[in-house]
Amino acid sequence: MTTRTQVAIIGAGPSGLLLGALLHRAGIDNVVIEQRSADYVLGRIRAGVLEQVAVDLLEEAGVATRLHAEGLPHDGVNLSFDGQRHRIDLHRLTGKRVMVYGQTEVTRDLMDHRAAVGRPTVYEADQVTVHGFDGSNPWVTYVEGGVARRLDADFIAGCDGFHGVCRASVPRNAIQEYEKVYPFGWLGLLADVPPVDHELIYGHTERGFMLASMRSSTRSRFYIQCPLTDKVEDWSDDAFYDEFQRRLPPDAAARLVRGPSLEKSIAPLRSFVAEPLRFGRLFLAGDAGHIVPPTGAKGLNLAASDVGLLSRALAEHYRGSPAGIDTYSQRALARIWKAERFSWWFTQLMHLFPDNGPFGAKMQRAELDYLVRSEAAQKAVAENYVGLPLE
Ligand code: FAD
Ligand code: PHB
């Protein structure tokens, strides 16, 4: 059974669904093919902070009503070390703010919008395979409910995450990959308890990193740095809260409310970039092309900016100009590398690196001290945290 579309989008994560919504807005036909069920995709607890650039793109796609009603705008962010907390005033330093709104909610809004406008999504597609993208008539094959299908397209958008099939289908000699793996992970816990503060707290302690984040005024997301050898089953909720509380600055620790976990998981930390992001008629966007450690809250935001650029490039193509698709990779990578740098730097600054030795620990402390005393240094952090402009 064969069908045809203009853009075949592989993956129904935030990058695939937002690309679909932006293309729909531009009148470009598209089909999303996802290997998991919609419930499975919605069950993955991931990012929580949106930059203005991502909010603007969701608005452009017509999917920002609930985001504006329920999202929490944050004007500042806190760093803590030595039991002291230091606020970085994002809004005063940059004129911008960030929006706390979970990736799950972004995904749900995009799924609802897609269903409402009637663009097709195939969930639980097996054996998804991309073909012919080095020529002018690429196609995708997959198996749906035991039936083999073929989708012909003008272009394929690989929005299928780090472990997806698209990047893996590119000949090895056509792609260069850059990677750094960090020697620890983040153990995260989601619970219906009030946040410990009205803004996020990123903490550096001699026991390791911690982050106090939130999804709403009644739901919190907490993280602690943990060894990669830890298993989530080894961490009871109480053990998590005990360790998290030890790493919080004292005023916030006193406000911690404990409640049963709704979700608990360990995520490894990785920096990764593939170059280029275009192979003939196949484009990579979001985690399919790059990964950042979550410290800078950039993963979801980069996924959004990639597809913002890609949707414009494809719209230009259909208006008769190839310039956009020819420069997509270069333009996206320029922004990606800056977010990679910030996420890497912020990860180095805030985590415990036992192998760095006493000199490394002193350097880290000196940098934290400098940062909280220098407005210039805070401005550089703020500018990157709220997100660099989409050029
Ligand atoms: P994904 O969300 O990974 O979506 C890709 C989709 O493609 C998935 O639905 C997948 O099922 C589908 N897919 C995969 N292979 C195939 C195939 N062969 N065929 C069809 N479909 C396929 N970022 C932050 O900023 N803060 C965080 O706290 C944070 N935590 C994270 C925790 C984890 C465990 C992970 C993995 C990521 C985290 N991120 C975080 C990063 C952020 O969630 C991602 O950057 C974001 O999800 C990227 O969106 P995406 O749509 O590109 O990829
Ligand atoms: C989250 O709320 O899950 C979150 C927030 C900020 C980060 C990472 C994760 O840097």
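Start at 1 and go down the list; that is how both ligands and their atoms are numbered.
Within ligand 2, the atoms closer than 4.0 Å to a non-hydrogen atom of Leu200 are 5 (C), 6 (C), numbered from 1 in the order shown. With ligand atoms numbered from 1 in the order given, ligand 2 contributes 3 (O) to contacts under 4.0 Å with heavy atoms of Arg46. Those atoms of ligand 1 with a heavy atom of Ala297 less than 4.0 angstrom away are 25 (O). Those atoms of ligand 2 with a heavy atom of Arg221 less than 4.0 angstrom away are 3 (O). Residue Gly299 approaches ligand 1 through these ligand atoms, each under 4.0 Å from one of its heavy atoms: 25 (O), 45 (O). The atoms of ligand 2 that sit less than 4.0 Å from any heavy atom of Thr295 are 10 (O). Close approach of ligand 1 to Val165 (heavy-atom distance below 4.0 Å) involves ligand atoms 18 (N).
Protein heavy atom nearest atom 44 (C) of ligand 1, with residue, atom name and distance: Asp287 OD2, 3.2 Å. Given atom 8 (C) of ligand 2, the protein heavy atom at minimum distance is Pro294 O, 3.4 Å.
Under the 4.0 Å criterion applied to side-chain N and carboxylate O atoms, Glu70 and Arg215 are not assigned as salt-bridge partners. Of the charged side-chain nitrogens involved, at least one lies within less than 4.0 Å of a carboxylate oxygen, so that Arg365 and Asp82 count as a salt-bridged pair. A salt bridge is defined here as a Lys NZ or Arg NE, NH1 or NH2 lying under 4.0 Å from an Asp or Glu carboxylate O, and Glu263 with Arg46 fails to meet this definition. Arg4 and Asp152 are not joined by a salt bridge, as no carboxylate oxygen comes within less than 4.0 angstrom of a charged side-chain nitrogen.
Counting heavy atoms closer than 4.0 Å to ligand 2, residue Ala297 contributes atoms from both its backbone and its side chain. Counting heavy atoms under 4.0 Å from ligand 1, residue Arg44 touches it through the side chain alone. By the criterion of a heavy-atom distance under 4.0 Å, the backbone of Ile33, and not its side chain, is placed next to ligand 1.
Remark: aromatic rings of Phe353 and Phe184 are close, center separation under 6.0 Å.
Between Val55 and His68 there is a side-chain heavy-atom pair separated by less than 4.5 Å. Side-chain contact between Thr121 and Val31: absent, with no pair of heavy atoms (C-beta onward) separated by less than 4.5 Å.
Any N or O atom pair closer than 3.5 Å counts here, and Ile10 shares no such pair with ligand 1. The shortest N or O to N or O distance between Tyr202 and ligand 2 is under 3.5 Å. The distance criterion of under 3.5 Å between nitrogen or oxygen atoms is met by Tyr223 with respect to ligand 2.
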Subject >> From CA spacing to verdict: ring-ring contact (aromatic ring centres under 6.0 Å, His included), Phe209, His351 >> reply: CA-CA 5 Å; Phe209 171 81; His351 290 75; 4.3 Å; yes

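Taking 4.0 Å as the cut-off, Arg215 counts as a neighbour of ligand 2 on heavy-atom distance. At least one heavy atom of Trp186 sits closer than 4.0 Å to an atom of ligand 2. Every heavy atom of Tyr142 sits 4.0 Å or more from the atoms of ligand 1. Using 4.0 Å as the threshold, Cys159 has a heavy atom nearer than that to some atom of ligand 1.
Under the 3.5 Å distance criterion, with hydrogens and angles disregarded, a donor-acceptor pair is assigned to the side chains of Tyr385 and Tyr202. In this model, no donor atom of one side chain and acceptor atom of the other lie less than 3.5 Å apart for Arg247 and Thr205. A donor-acceptor pair shorter than 3.5 Å can be found between the side chains of Glu275 and Trp337. Between the side chains of Thr141 and Arg150, no donor-acceptor pair of N or O atoms lies under 3.5 Å.
Considering only non-hydrogen atoms, atom 35 (C) of ligand 1 lies nearest to Arg46 out of Arg221, Arg46, Glu124, Gln103. One option in Gln35, Arg36, Glu34, Gln127 has a heavy atom closer to atom 17 (C) of ligand 1 than any other, and that option is Gln35.
The closest donor-acceptor contact from the side chain of Ser374 to the backbone of Ala377 lies under 3.5 Å.
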